[in-house]
Each structure stands twice: as C-alpha cells, then as structure tokens.
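The structure appears right after this line, and notes come after that.
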Amino acid sequence: QSALTQPASVSGSPGQSITISCTGSSSDVGSSKYVSWYQHHPGEAPKLMIYDVSNRPSGVSNRFSGSKSGNAASLTISGLQAEDEADYYCSSYTSSNTQVFGTGTKVTVL
Amino acid sequence: EVQLVQSGAEVKKPGESLKISCKGSGFRFPHCWIGWVRQMPGKGLEWMGIIYPGDSDTRYRPSFQGQVTISVDKSINTTFLQWNSLKASDTAMYYCATPGTGDSWDAFHIWGQGTKVTVSP
C-alpha cells in the first residue's frame, strides 16, 4: 500500500492559479469517491480543504477546488495568496478499507 | 465545541513502552471513527489506523500492523495509541483525527493538536 504520488513542490505568484496532482492506482484513487485534500502549516494541525473529490467544508475558501480523472486527482488553488503557502496532502480511501495519504506538496507563493 | 484533545509531549528511551491518548468532546464519540496519523521529522503524513469506539473495530495500514496498538475507552471518550517497545524511528508527531461520522471512508474533518514523541537513548 504505497503513498499516493504528488509533486514535491509547486510555486506561483500571488493571484495566479496552481494545480497539485495526486496519482494513485485502481486500488485507491481510481476506485474511490473519497479523495480528500489537507493543508498543513508547520506547527499546526492539518486542515481539511476538500472532501469527496470536490466538496469544500464550511469555511474553506472557494478558491480551492478539487477534481478527479481515472487514477489521478487534482487540487487547484486560484487567486493564490500568501496565506496559501503550506504543505498539501491528498488522501484516498482504498480497496483494503483503509486510507492512504499522498507524499505531500510544498506550495510556495513567490 | 467539537474537539479532540491529545496528551502531552513524551520523551522516552528505546525499549520503553508508551500509551498516548486522544479525548473527544462535542460529538457522538461512540459513533464516530477515530484515526491516528504519523508525521516523522521532515516527512509527510502517514495514515496509521482507525478505530470505531462503538465496537472497537480497528483497521491498520499494513506497515503499522503489529508495531502499534490502537484502543479505546468509550466510557471516557478517549482513544489510545500504544507501543510495547519503542524504537528511535518512532520519533514523530502523532495526530488523532475524526471524520465526525460513522463512515470509515470519510475525510478527517476534526484534528487533535498533536502529540510529539521523542525516543532517544
């Protein structure tokens, strides 16, 4: 049960849009409606940003959106802001009735 | 207020045992899955396992099976993560988290503040 694959880092200027990919397999992302994304600022608890592929919890900015195609999911952050600088992790339910996180992506706002 | 409150930081020696805790409040604890997540220094998040307090149904990521024990005492709304013999490689931050629902596939909407475990001779 390997971690989902994410790019190590993604960067963008304020106001730009960035997309983070999350690649799994037919045993997790490809067969799951339950893909989520978390934002993690160092020293804080992770925060849920997207659940069930594309749903936003109450209070999360609509600048964050999620999608999925085949074995890959994506998180897009539009109108990038300085406060978006953090680590981002995808997660998926698996065919083994467990969950698996992605390798994590460091987002830098230039 | 819906929250998970974890026990404080621990410093232990290799070979020692340890049990850390996570207490839930503000939600129907017996009916909500509670999971544990590890973050080793400089590394990413790792899903360790999850427990359903109602019947203690527990699932582990294969790499953690046999290495840790997840348990619960629903009378005090608390779940535990336990090691019988710590290793230096267990040094990490450990988070508990819950979807706040009875569905194990749901995302973790609520997180504890984390417990830092340091294992050093």
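Small disclaimer: the values here were computed from a predicted structure and weren't measured. Each chain gets a letter, A, B and so on, in the order its sequence line appears, and its residues count up from 1. The analysis underlying the following values was restricted to heavy atoms, covering all of them including side chains, and did not include hydrogens, waters or symmetry mates.
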Return the [atom1] to [atom2] distance between [X] and [Y], rounded to the nearest 0.5 Å.
| X | Y | atom1 | atom2 | value |
| --- | --- | --- | --- | --- |
| B/E46 | A/F101 | CD | CZ | 10.0 Å |
| A/S96 | B/R61 | OG | CZ | 11.0 Å |
| B/Q65 | A/T98 | CD | OG1 | 11.0 Å |
| A/D52 | B/W105 | CG | CH2 | 10.5 Å |
| B/L45 | A/Y88 | CG | OH | 13.5 Å |
| A/Q99 | B/D106 | CD | CG | 8.0 Å |

Quick check on the hydrophobic clustering: are [X] and [Y] connected, directly or via other members, by side-chain heavy-atom contacts under 4.5 Å?
| X | Y | result |
| --- | --- | --- |
| A/Y93 | B/I110 | no |
| A/L48 | A/V60 | no |
| A/V107 | A/L75 | yes |
| B/W47 | B/I70 | no |
| B/I20 | B/V72 | yes |

Best-contacting candidate, B/P62, B/G49, B/S104, against chain A by heavy atom pairs under 4.5 angstrom:
B/S104
Does A/R63 have more than 12 heavy atoms from other residues, nucleotides or ligands lying within 6.0 Å of its CZ?
yes
Does NZ belonging to B/K116 count more than 12 external heavy atoms closer than 6.0 Å?
no
Where does [X] contact chain A at under 4.5 Å (heavy atoms): side chain, backbone, both or neither?
| X | value |
| --- | --- |
| B/I50 | neither |
| B/K43 | backbone |
| B/F108 | both |

Within the structure provided, determine whether A/K47 and B/W111 are in side-chain contact (heavy-atom separation under 4.5 Å).
no
Could you check which of A/Y38, A/Y51, A/W37 has the highest count of heavy-atom pairs closer than 4.5 Å to chain B?
A/Y38
Show the nearest heavy-atom pair for residues A/E44 and B/Y95, with the distance to one decimal.
O-OH, 3.1 Å
Closest approach of A/A45 and B/G112, non-hydrogen atoms and distance?
CB-O, 3.3 Å
